[in-house]
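In what follows, chains carry the letters A, B, and so on, assigned in the order in which the sequence lines appear, proteins first and then strands, with residues in each chain numbered from 1. All values below come from the heavy atoms of this structure, side chains included, with hydrogens, waters and symmetry mates left out.
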Amino acid sequence: MDIYLPIAEVSVNAPLIVALGLLVGFISGLFGIGGGFLMTPMLVFLGVPPAVAVASMAVHVAGSSASSVAAYGRQRAVDGRMGAVLAAGGIVGAVAGVELFRWLRLLGQADLVVALSYLVFLSVIGALMLSESLGAVLRRRRGQPPPPRRERRPPWLYGLPLKMRFPRSRLYISVIPPLALGGFVGVLSAIMGVGGGFILVPAMVYVLRMPASVVVGTSLLQIIVTSALTGVLQAGRNQAVDIVLATLLLVGGVLGAQFGARASARFRAEELRVVLALIVLAVGLRMGLGLLMAPVEPFVLMAGAAG
Amino acid sequence: MMAEPPPVVSAALTETTVQVSSDFKGARIVLYGAVFEAGDGPEDVVVIVRGPDQPVRIARKQRVAGLWLNSRPVVFRGAPGFYMAASNRPLDQIATFGTLRRLGAGVDHLPINAPAEQRVETRYGIRDMVVSRLGSDYYAWRRAVVRLKTRAGLYDEDGQGVRFVDRGLFRAEIALPAAAPTGVYQADILLFRDGQAVSRRARTLTVEKVGLERTLYVWAHDRPWSYGLACVAFALTVGWAASAAFRRD
C-alpha cells in the first residue's frame with residue numbers, strides 16, 4: 001500500500017515505513033538510544049529527500065522521546081536542573097544548527113557535511129564503545145574484576161567559573177561544560193536528524209561524571225526540548241517537515257520501543273553494547289564510503305528551489 | 001483550380017485534471033486526436049507535454065584531498081518540471097535538427113541554460129558574444145541535467161508514443177510519475193508534413209493536490225510556524241499517550 005507524502009512529494013510504501021519505525025524503535029528500546037542515526041540514512045535510501053528526512057526525524061524524535069521520558073520521570077530518574085541547563089544549550093544549538101543547515105543547502109554542501117558528520121562522529125563513538133564493551137566482556141569471561149572507576153573528575157571541570165549545584169546528580173560544577181555539550185548536540189540534531197543521545201549519554205557519564213541512574217532520563221529531557229524546537233524551526237524556516245512521514249514512523253517507533261525495552265532485560269549490558277557499537281560503526285562507515293569512492297554519476301541534482 | 005486546404009490536427013485529453021491524493025502513484029494521461037484533410041505525403045504527429053518550469057540546481061562531484069565533494073551548484077533556468085515528447089516515429093526521422101531545435105521538441109532541444117554563468121564580452125573582435133563560465137564543459141552540464149531528470153522519470157522521449165489507430169485518428173499515452181510537480185501542464189500537438197510543422201494545437205492539464213494532501217501542503221507553506229507547532233504538539237501527544245497506554249504499573 002503506497003502512500004503519497006505531501007511535503008516530500010514522493011510516494012512511499014506505508015507498511016515498509018511503519019516496519020522501519022518498528023525495527024528502529026525496537027533497537028532504540030533495546031539499547032536505550034534514540035535511533036535517529038539509523039533511521040535518517042534509511043529514509044534517504046528509500047528516496048525521501050535528505051532535507052525532509054532530517055526535518056521530519058526531529059518531530060519523530062520529539063514524540064518517541066516523550067514516550068520514554070514519562071517512564072523515567074515516574075521512577076524519579078531525571079535531574080531536572082541539569083536537564084534545564086543542557087536544554088538551554090540545546091536551544092541555542094538548534095537555532096544555530098537550523099540556520100547553518102539552511103546556509104549549507106544554499107552552498108550545495110549540505111550532503112557533504114551530513115556525510116562527514118556521520119563518518120566522523122559515528123566512527124569515533126562506535127570505536128570507543130567497541131573497545132570499552134569488548135574489554136568488559138573479555139574481563140568477565142576471564143573472571144577478572146572490573147577496573148576501579150576513576151573518581152577523579154577532569155580538573156578543568158572545576159577550574160571554570162559560574163558554578164552551580166546539581167543535588168540530584170551530586171555535582172557542584174561550572175555550567176559551561178553542560179551548556180556547551182547541550183549546544184553541540186543541538187547543532188547535530190539539526191544537521192544529522194538525530195536526537196544526539198549517542199554523544200550526550202557517554203559525555204554525561206565520562207566527562208560530567210553524573211550518576212548512571214539519572215543519565216538516560218536527563219538526556220531524554222534535553223533531547224525532547226531540543227528536537228521539539230528543531231522540528232518547529234525546520235518547519236518554519238525550511239518547510240521541510242512531513243507530518244505524514246513523521247506519524248508513520250511514530251506509530252512503528254513507539255510500538256517497537258516497548259518490545260525493545262522488554263527484550264533488553266534478557267541480554268547482558270556489555271554484550272548489547274558490543275552489538276550497538278558494531279551497528280554504529282557500520283552506519284558511520286557506510287555513510288562515509290560515498291566520500292571516498294569514485295562516483296558512478298559525476299553530477300547530482302540538488303533538491304529545493306533554486307536561489 | 002482550388003488550392004488544397006491545409007491539413008489540420010485536432011486533439012483532446014480524456015481527463016483534464018490529475019488529482020494527487022494520498023494513494024497517488026503516478027498517472028497515465030491519454031490523448032486522442034485526428035488529422036483532417038490528410039494528404040498522401042508522410043504525416044507525423046508529435047505530442048509534447050511540459051510541466052511548469054522549475055529551475056534546476058546541479059553540482060558536480062570533484063575530488064579534493066582524496067574526498068569526493070560537490071562543486072558549487074549551477075542553476076539552469078527554463079527547465080520544465082516534467083517533459084515528455086511522444087511521436088509516431090523517432091523525432092530525428094521526422095524533422096531536421098534545426099527544426100526540432102526551433103520548436104524545442106525533444107529532450108536534446110530543451111531551451112535550458114544557466115544565465116548566472118554567462119557573461120557578454122568581446123571575443124575575436126566580435127562584440128556581445130555570450131560566453132559561459134563553465135567553458136567547454138557547458139554541454140556536459142546540460143546533458144547531465146537531462147540525464148538525471150530522465151533517470152527520475154521526469155523527462156523522456158518515446159518514438160512510438162503516438163499510434164495511429166485508424167486513418168487520421170491517433171492516440172497518445174503519457175506516463176506521469178509520482179514525483180511529477182503540481183501545476184498547469186501544457187500539451188502541444190504538432191502535425192508535421194515533409195519535415196515541417198504545419199499545424200499545432202495546445203491543450204492544458206492541471207495536476208493538483210486534493211484532500212488532506214492539499215490541506216497539509218498549503219498549511220505547511222502558507223503558515224509554516226503554526227504548522228510546525230502543531231506537528232510537534234501532535235508528536236509529543238502521541239508519544240505521551242503511548243507511554244500511558246503501555247504503562248506497566
Would you sort out whether B:Tyr32 and B:Arg171 count as a side-chain hydrogen bond (donor to acceptor under 3.5 Å, both in side chains), showing the intermediate values?
-> CA-CA 5 Å; B:Tyr32 279 99; B:Arg171 178 181 193 274; 2.9 Å; yes
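- By the 4.5 Å heavy-atom criterion applied to side chains, B:Ile112 and B:Val145 are counted as neighbours.
- Ranked by heavy-atom pairs under 4.5 Å with chain A, the first of B:Cys231, B:Ala144, B:Ser71, B:Ala242 is B:Cys231.
- Of the residues considered (A:Val244, A:Leu5, A:Leu250, A:Val10), A:Leu250 shows the highest number of contacts with chain B, using heavy-atom pairs under 4.5 Å.
- Between the side chain of A:Ser64 and the main chain of A:His60, a donor-acceptor pair closer than 3.5 Å is present.
- In terms of heavy-atom pairs under 4.5 angstrom with chain B, the leader among A:Val61, A:Val59, A:Val251 is A:Val59.
- Side chain of A:Thr230 to main chain of A:Ala190: no donor-acceptor pair is present (N/O by atom type, distance under 3.5 Å, no hydrogens or angles).
- The shortest side-chain heavy-atom distance between A:Gln234 and A:Val98 falls under the 4.5 Å cut-off.
- Residue contact with chain A, scored on non-hydrogen atoms closer than 4.5 Å, is absent for B:Thr237.
- Atoms CZ and CD, on B:Phe24 and B:Gln19 in that order, are 10.5 Å from each other to the nearest 0.5 Å.
- For chain B, the nearby parts of A:Ala228 are the backbone and the side chain; heavy atoms of each come within less than 4.5 Å.
- Looking only at side-chain heavy atoms (C-beta outward), B:Tyr83 and B:Leu110 come within less than 4.5 Å of each other.
- Using a distance-only test at 3.5 Å, with no hydrogens or angles considered, a donor-acceptor pair links the side chain of A:Asp242 to the main chain of A:Ile7.
- At least one side-chain heavy atom of A:Leu20 sits under 4.5 Å from a side-chain heavy atom of A:Leu46.
- Proximity to chain A at a heavy-atom threshold of 4.5 Å picks out B:Lys209, B:Glu213, B:Leu216, B:Tyr217 from residues 205-218 of chain B, in numerical order.
- Taking all atoms of both residues into account, the shortest heavy-atom contact from A:Ser56 to A:Ala246 is O-CB, 3.9 Å.
- Using a 4.5 Å heavy-atom threshold, the side chains of A:Leu249 and A:Val18 count as separate.
- When each of B:His221, B:Arg60, B:Gln62 is scored by its heavy-atom pairs under 4.5 Å with chain A, the top score falls to B:Arg60.
- With chain B as partner, the option from A:Leu233, A:Val232, A:Val254, A:Ile224 having the largest number of non-hydrogen pairs under 4.5 angstrom is A:Val232.
- The residue among B:Leu236, B:Leu69, B:Ile58 with the most heavy atom pairs within less than 4.5 Å of chain A is B:Ile58.
- Comparing B:Gly26, B:Gly228, B:Gly239 by heavy-atom pairs within less than 4.5 Å of chain A, the highest count is held by B:Gly239.
- For the pair B:Asp156/B:Phe82, no side-chain contact is recorded, criterion being any heavy-atom separation below 4.5 Å from C-beta on.
- At least one side-chain heavy atom of A:Leu229 sits under 4.5 Å from a side-chain heavy atom of A:Val95.
- Listed in order of number, the residues of residues 173-190 of chain B that approach chain A to under 4.5 Å between heavy atoms are B:Ala178, B:Ala179.
- Here the side chain of A:Ser189 pairs no donor or acceptor atom with the backbone of A:Gly196 at under 3.5 angstrom.
- The most heavy-atom pairs under 4.5 Å with chain B, out of A:Gly236, A:Ser65, A:Gly63, come from A:Gly236.
- Contact of B:Arg223 with chain A is not made at all, since no heavy-atom distance falls under 4.5 Å.
- With a threshold of 4.5 angstrom between heavy atoms, A:Asn238 does not approach chain B through any atom at all.
- At least one side-chain heavy atom of B:Glu157 sits less than 4.5 Å from a side-chain heavy atom of B:Leu91.
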